[in-house]
Amino acid sequence: MNLNKVIRLLAIFSIIGGFFRALMCPLALVWGMNSTQELTAGVLGTLFMGLGIFGLYFSAHKEFGKLGFTAFILYAFGSFVLMGMVFTSLVFAVYDPKVLQMDMPPLPILIASPLMMLSVMLSMILLGITVLKTKVFSKVPAILIILAPILNFIPVVGDFSVLAWGIPFMWFGIEVLKKSRGNVVVENISVEQ
């Protein structure tokens, strides 16, 4: 499998992850926050987006520079911490729902939560700024991904912030797939499908 095919596969993961992240919104509206359905979509979204960010980054790593690399590293790290937290919440939702209703979350979640939030939110803002600066991807998803962490803190609108997080990953993934069709140059090497 050549690098172009790996990037295409990771772009597909980005699309799948963005879909599941966005799906969390209607699932939470129908079954409620921290429902098994919403948390399952959250685990799948986080897993695939965490893998998909590699394809997004490697498809444009030269253009992204240091700022894009910082956004990529922060997102990859934060995404996998988030996946562990969401998976833990899913396990509690299935086996011991009372834990999710406690005033004080379990110690691992209490420790990991601020670290994850800081790295993921900062990475989303940096990724959006990098995209706007380099014009590698479209402006609309870049603006959405910058707004997603901000929307998260606004009452009522915060429930829909996962849409502003998932849609850009789907959009970026589609753009990477379009860019990588046919003959492309990756690392100054012509790669053919």
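When side chains are defined from C-beta on, Phe48 does not count as touching Ile15, because their heavy atoms never get closer than 4.5 Å. Within the 4.5 Å cutoff, the side chain of Leu67 has heavy atoms near those of the Leu126 side chain.
Note: Leu127 CG to Phe169 CZ = 6.0 Å, rounded to the nearest 0.5 Å. Going from atom CG of Leu82 over to atom CE of Met49 covers 9.0 Å, rounded to the nearest 0.5 Å. If you take CD1 on Ile73 and OH on Tyr57, they are separated by 7.5 Å, rounding to the nearest 0.5 Å. Separation of atoms CZ (Arg21) and CD1 (Ile167) is listed at 13.0 Å; rounding is to 0.5 Å. Taking OG1 from Thr36 and CG from Leu39, the interatomic distance works out to 7.0 Å, rounded to the nearest 0.5 Å.
Ring centroid separation for the pair Phe54 and Phe72 comes in under the 6.0 Å cut-off.
Shown here is Phe80, whose CZ atom has more than 12 heavy atoms of other residues, nucleotides or ligands within 6.0 Å.
Ser35 places a side-chain N or O within 3.5 Å of a backbone atom of Glu38 that can act as its donor or acceptor partner.
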Working note: Lys179 + Ser59, criterion side-chain contact (heavy atoms from CB on, under 4.5 Å); need CA distance, chi angles, decisive distance, verdict.
CA-CA 9 Å; Lys179 235 170 74 167; Ser59 73; 4.3 Å; yes
Evaluation steps, side-chain contact (heavy atoms from CB on, under 4.5 Å), between Ile7 and Val176:
CA-CA 8 Å; Ile7 288 173; Val176 169; 3.6 Å; yes
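The hydrophobic cluster containing Leu122 does not contain Trp165, counting ILVMFWY residues as joined when their side-chain heavy atoms lie under 4.5 angstrom apart, directly or transitively. Note: the hydrophobic cluster containing Phe172 does not contain Leu147 (ILVMFWY, side chain heavy atoms under 4.5 Å, direct or indirect links).
Smallest separation of non-hydrogen atoms from Ile125 and Ile146: O-CG1, 3.8 Å.
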